[in-house]
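Notes for the one structure printed next.
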Amino acid sequence: MAQDSEAPPAKRLKAAPPGTPPQSAAPPAHVQRRSLPISGARGPLLARLRRLDTAVLIGETGSGKTTQLPQYLYEVGIGHPGTIAVTQPRRVAAVTLAARVAEEKRTELGRLVGYTVRFDDCSCAETRIRFLTDGMLLREAIGDPLLHKYSVVILDEAHERTIHTDVLFGVVKAAQKKRKERGLRPLKVIVMSATMDVDLFSQYFNGAPVIYLEGRQHPIDIFYTKEQQSDYLQAALVSIFQIHQEAPACQDILVFLTGQEEIEAMTKTCRDVAQHLPEGCPRMTVLPLYASLPHSQQLRAFKPTPEGCRKVILSTNIAETSITIAGIKFVVDTGMVKAKKYSPETGLEVLAVQQVSKAQAWQRTGRAGRQESGICYRLYTEEDFEKFEEMTTPEIQRCNLASVVLQLLALKIPNVLTFDFMSKPSPDAIQAAIDQLDLLGAVTHKEGQLVLTPLGKKMAVFPLDPKFSKAILLSPKFHCAEEILTIVSLLSVDSVLHNPPAQRDEVQAARRKFISSEGDHLTLLNVYRAYKNVNGHKLSMPLESCRGDTGSVRRCLAHGLFMNAAELRPDGSYGTVDSQQAVAIHPSSVLFQAKPACVVYTGLLRTSRCYMRDLCVVDAEWLHEAAPEYFRRKLRMANN
DNA sequence: GAGCACTGC
């Protein structure tokens, strides 16, 4: 039964997202539906929700809240007439959930029940239950800040705190208030989350009641190390083979590590060790899993292994939420993750290995108990665990906010510095974003208020870093719209160039013929042009091309990226024009061994050093031409 | 001189 405001059971596991698609054969949808824990609570739950404007619904894995609640609301006419929106952080989840619910309602997907994700809208005027990505609803809000189309908005997976969900919190809260003030149809808001952050959500929504739903998570035994481990990789290796020698071969192991290189190296080590095991030990299949691994290789992690062979999956945090693997009995948690931070003062993104939060550790642990009871080995002491941060810092406090601020201004938010964020980004971060938009000519002050310029309004239409939107919008002036669109498109996908560490030399050799001495952007353009020739495709849009005049392309890029410029110093190192920060050319760049006098880059990333990524050779003069006042100011500062 | 967690519009 649903109960109000009762503390969640101690040490209960944080729920894994219910949005993940079922991996094994399930009974017909309508048969399974009645047996979900939420169905027992249907009556009282709906009675409460009918009376509430806003509610926070806490449900554990397997409670069925995501698939059932929208149907319940629809069936009893809550929100009628109008559409029920259910947001998800990930596309796959939005699509598979819509398919599941359509099946349960025995209707054709895209009619009563539909979904809307980027590039794929499977919904129509009839649609009453619509699953969307949170980013998609945010886009819709730009055209309709009061969300008139919707009578209920369910923000699911709220605990993940994606940048889009965080902005949506503010948007739906404001829409709800305005609709009430104007006597419009009320907007019901339901925030759904795993067992955490409950107070924060409730407080933010003016003390909205919290409703708990029981879940169906299997019990998981947790073991900590007795002593601190100086080398988590070594500790992981020992744990894997200890489990391997003791547990039945049908029980698979999921190990959480931090990144591609580490995972590839560990894969090799495990395979080597597995070759030399004593008689009678089961066989072992070791499989890496990370986002940039080609899809076909990712799929291997899902395949069941033959009898008498254990599967060991070495994964990044992709297996925490995005990917669910059936049959995991053991989780080995190193307690480490590679995560991004952003410092507004330097505009620096730092990618560093750090400790996970408690919430993240629970999420990892939960991956062991999805089908039956499980075991989790935490490669840190319980004492250390208690010192972990409670929550992972929300993404909105770890990012460059230029495009968020641009979107808020497009939503006609009167003052972005005082926008009602659930977790406020630092004023410095917001100011840095405003400054960037100002330099790009996207904003201006009007009667003491920050507003978008006509250029800024156009920039807000693009789902891109404003620097790239600017370059696209200026490209007709430089007669190179075709080239700039191609380059920006290629920068927006990560599937173009796969770079497995084991084949780095081969990769380098294959790329050699596309390399442009003018930098990475033009190299990408060469790759695309070669691809286009092979496939014989032509763009159907009448876009002007500057042909061989790559100078125009670079000049246009400089107009978007002038804030990201660096110059060669007399000692052979590079310094950013903006803050004289010492930077280096990233080894992945075609310019790695070159020494151009002046470059622009897509972004900075600090790992072992501070690297510029995706470089383009430019003339210093073009930078001045792109933002004369900005560079005059820089010069003055340099002279002082 | 030597390397890129994960989403999403």
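Reminder, nothing fancy here: chain letters follow the sequence lines and each chain counts from 1. Source: prediction; values computed, not measured.
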* **Rounded distance (Å) that lies between atom P of B:dT7 and atom CD of A:E320** => 12 Å
* Structure fact -> Rounded to whole Å, the CZ-P distance (A:R90 to B:dC9) equals 12 Å
* Do A:F201 and A:F169 have their ring centres less than 6.0 Å from each other? -> yes
* Please work out which residues in residues 569-581 of chain A have a non-hydrogen atom less than 4.0 Å from an atom of DNA chain B and list them by number. => none
* Asked: With a non-hydrogen cut-off below 4.0 angstrom, is A:Y611 in contact with a base, only sugar-phosphate, or nothing?
  -> sugar-phosphate
* Asked: Expressed in angstrom and rounded to an integer, what is the separation of A:R613 atom CZ from B:dA2 atom P?
  -> 17 Å
* Cation-pi check, A:R606 to A:Y611: give yes when NZ or CZ is under 6.0 Å from the six-membered ring centre and within 45° of the ring axis, no otherwise. => no
* Taking the side chain of A:Y290 as heavy atoms from C-beta outward, which of B:dC9, B:dA5, B:dC6 is closest to it? -> B:dC6
* Round to a whole Å and report the spacing from CZ of A:R606 to P of B:dA5. => 16 Å
* What is the distance, rounded to the nearest whole Å, between atom NZ of A:K341 and atom P of B:dC6? -> 18 Å
* Asked: What is the distance from CD of A:Q593 to C1' of B:dA2, rounded to the nearest Å?
  -> 10 Å
* Asked: What distance do A:L237 atom CG and A:Y232 atom OH have between them, rounded to the nearest 0.5 Å?
  -> 13.0 Å
* Could you check how far CD of A:Q260 sits from P of B:dC4, rounded to whole Å? => 10 Å
* Identify which nucleotide among B:dC9, B:dT7, B:dA2 has an atom closest to any side-chain atom of A:F592, counting heavy atoms from C-beta outward. => B:dA2
* To do: Please figure out whether A:A339 or A:Q407 has its closest DNA chain B nucleotide nearer the 5' end.
  => A:A339
* Basic-acidic side-chain contact under 4.0 Å: A:E261, A:K338 -> no
* Distance, nearest 0.5 Å, that separates CE of A:M136 from CZ of A:R139 -> 8.5 Å
* Structure fact -> Testing B:dT7, B:dC4, B:dG3 for proximity to the side chain of A:S322, the answer is B:dT7
* Within the structure shown, what part of the strands sits under 4.0 Å from A:L351 by heavy-atom distance: base, sugar-phosphate, or nothing? -> base
* Asked: Can you check the A:Y115 OH to B:dG8 P distance for me, whole Å?
  -> 14 Å
* To do: Mind checking ring pair (Phe, Tyr, Trp, His ring centres under 6.0 Å) for A:H164 and listing every partner two or more places apart, or none if nothing turns up?
  => none
* Asked: Hey, does A:T133 reach any base, or is it just sugar-phosphate, or nothing, if we go heavy atoms under 4.0 Å?
  -> sugar-phosphate
* Looking only at side-chain atoms of A:N317, point me to the closest of B:dC4, B:dC9, B:dC6. => B:dC6
* To do: Using the six-membered ring of A:W362, assess whether NZ or CZ of A:R367 lies under 6.0 Å from its centre and within 45 degrees of the ring axis.
  => no
* **A:R91 side chain near B:dC9 phosphate (N/O to OP1/OP2, under 4.0 Å)** => yes
* Of the nucleotides B:dG1, B:dA5, B:dT7, which has the atom closest to the A:R398 side chain? -> B:dA5
* Remember a base hit wins even if backbone is also touched, and classify A:V117 as base, sugar-phosphate or nothing at under 4.0 Å, heavy atoms. => sugar-phosphate
* Partners meeting ring pair (Phe, Tyr, Trp, His ring centres under 6.0 Å) with A:F421 (sequence neighbours left out) -> A:F419
* Side-chain N,O (A:T316) to OP1/OP2 (B:dC6) below 4.0 Å -> yes
